[in-house]
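Data block below; observations after.
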Amino acid sequence: MKYKIEKDKIIVEAGDDFDIEHILECGQIFRFYKFADGSYSVCSGDKFAKIMKNNKNYVIFSKDTNYFADFFDLKTDYSKIKNELKKDKVLAKTIPFGKGIRILKNSPLEMIFSFVISANNRIPRIKKIIEAMCEKAGENMGEYYAFPTIEKLASLPLNFYLGLGAGYRAKYLFKLAMELSGVDLNEKNKLETKELRNWLISLSGVGPKVADCILLFGFNRMDVFPIDTWTSKVYETFYNEGAKTREQMREHLVKRFGIYSGYAQQYLFYGARSYDVLKLKI
DNA sequence: TGCCAGGAAGCTA
DNA sequence: TAGCTTCATGGC
């Protein structure tokens with residue numbers, strides 16, 4: 001896939017390795033908006049971009065082009081990854097539904113809070129709660145609101161979180177903010193995946209599945225396979241070898257897909273949730 | 001009305 | 001360690 005960075009925009013060749021709908025609608029990010037003309041806007045931390053399709057190219061407009069080139073993982077060769085994964089007969093039939101997916105490199109802090117909110121919740125409501133957080137506590141950047149800083153989040157009372165409509169998760173968010181206050185996430189990123197995962201699980205509101213999503217979308221770790229309601233169905237339908245618990249399913253699938261686990265999980269999740277792949281006869 | 005949502009925490013044994 | 005229950009809220 002070809003791309004080039006100019007002063008305030010990135011031009012990306014549209015095609016099998018980059019489809020903005022696949023990338024944004026596959027459940028890895030919550031702060032994005034689709035406009036009537038088919039263009040999108042995306043927020044990540046305190047950064048912002050607009051994405052428009054122009055003939056055979058996507059144009060990503062932003063004053064932070066280097067950030068978004070990294071965010072969209074433009075240097076990674078997804079054709080190679082998909083060719084490797086297509087050796088698996090289930091993925092061979094599933095990948096075409098989300099062939100333009102790329103795993104984003106999003107803000108770790110934003111991913112931690114977002115996926116704590118995501119637990120036992122629905123995606124439209126998750127988006128509303130996160131948006132409320134940004135509007136009430138994030139910096140007004142004119143065209144959008146930044147995700148709040150940890151300093152700001154740690155200074156807010158429990159009532160702030162109760163007012164977001166987050167339900168019983170409010171107390172987790174409140175505790176989480178204090179637990180993360182003063183923590184250098186860049187320093188945490190130096191840990192091995194297993195150690196980083198254990199630390200994440202020690203945080204309020206973070207269990208195995210939420211930790212795996214944070215590792216995948218916030219810390220760019222591909223040796224994880226989040227097991228949720230959808231991917232547990234995927235396991236039971238296509239990969240069942242007797243695992244009963246989510247932990248057993250996770251171990252089995254990470255062993256199967258290794259360093260490509262995160263990619264495999266996202267193609268399977270998107271296919272199952274958006275295209276009824278679970279009903280395919282494979 | 002009852003069920004479920006990209007689950008986690010708390011309790012029991 | 002494993003299994004069960006509870007936890008707000010909202011859409012269907």
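Throughout, protein chains are lettered first and strands after them, A, B, ... in sequence-line order, and every chain is numbered starting at 1. Hydrogens, waters and symmetry mates play no part in the numbers below; they use all other heavy atoms, side chains included.
If you take atom P in B/dG6 and the same atom in C/dC4, they sit 24 Å apart, rounded to whole Å. B/dC11 sits 14 Å from C/dA8 when the P atoms are compared, rounded to a whole Å.
In the set B/dA9, B/dG6, C/dG3, C/dG3 carries the atom at the smallest distance from any side-chain atom of A/Thr245. For A/Val210, the side-chain atoms get nearest to B/dA8 when compared with the rest of C/dA8, B/dG6, B/dA8. Comparing B/dG7, B/dA5, C/dT9 by their nearest atom to the side chain of A/Arg246 picks out B/dG7. For A/Lys233, the side-chain atoms get nearest to B/dA5 when compared with the rest of C/dG3, B/dG6, B/dA5. Among the nucleotides C/dC7, B/dA9, B/dA5, the one closest to any side-chain atom of A/Lys171 is C/dC7. Looking at the side chain of A/Arg169, the nearest of the listed nucleotides B/dG7, C/dA8, B/dA8 is C/dA8.
A/Lys136 places a side-chain heavy atom less than 4.5 Å from the side chain of A/Phe160. The side-chain heavy atoms of A/Phe72 and A/Ile20, taken from C-beta on, include a pair separated by under 4.5 Å.
Checked for salt-bridge contact, A/Lys105 and A/Asp70 meet the test: a charged N lies under 4.0 Å from a carboxylate O. In this structure, A/Lys99 does not pair ionically with A/Asp19, as no charged nitrogen and carboxylate oxygen lie closer than 4.0 Å.
The distance between atom CD of A/Glu247 and atom C1' of C/dG3, rounded to the nearest whole Å, is 16 Å. Atom CG of A/Leu203 and atom P of B/dG7 are 19 Å apart (whole Å). One can place NZ of A/Lys175 at 15 Å from P of B/dA8, the figure rounded to the nearest angstrom. Regarding A/Asn121, its CG atom lies at a distance of 15 Å from the C1' atom of B/dC3, rounded to whole Å. Remark: P of B/dA9 and NZ of A/Lys209 are 13 Å apart, rounded to the nearest angstrom. A/Ile227 has its CD1 atom 16 Å from the C1' atom of B/dA8, to the nearest Å. Following rounding to the nearest Å, A/Asn159 (CG) and C/dA8 (P) show an atom-to-atom distance of 15 Å. Distance A/Asn120 CG to C/dT6 P: 14 Å, rounded to the nearest Å.
Within 4.0 Å (heavy atoms only), A/Val116 reaches no atom of the nucleic acid at all. Here A/Phe115 lies out of heavy-atom contact (under 4.0 Å) with every strand. Residue-level contact check: A/Gln248 touches neither bases nor backbone, having no heavy atom under 4.0 Å from any strand. Across all strands, A/Gly27 comes closer than 4.0 Å to base atoms (heavy-atom distances). Residue contacts for A/Leu176: at a heavy-atom cut-off of 4.0 Å it reaches no nucleic acid atom on any strand shown.
Each of A/Pro124 and A/Ile201 has a nearest nucleotide on DNA chain B; the 5'-most of these lies closest to A/Pro124. Nucleotides of DNA chain B nearest to A/Ser204 and A/Arg122 differ in position, and the one nearer the 5' end is that of A/Arg122. Residues A/Lys128 and A/Ala119 both approach DNA chain C. Their nearest nucleotides, taken by heavy-atom distance, put A/Ala119 toward the 5′ side.
To the nearest 0.5 Å, the span separating CZ on A/Phe68 from NZ on A/Lys50 amounts to 12.5 Å.
Ring-centre distance between A/His252 and A/Tyr239: not below the 6.0 Å cut-off.
Side-chain to base pairing of A/Tyr168 with B/dG7: one donor and one acceptor N or O lie within less than 3.5 Å of each other. Not a single donor-acceptor contact under 3.5 angstrom links the side-chain atoms of A/Gln28 to the base of B/dG6.
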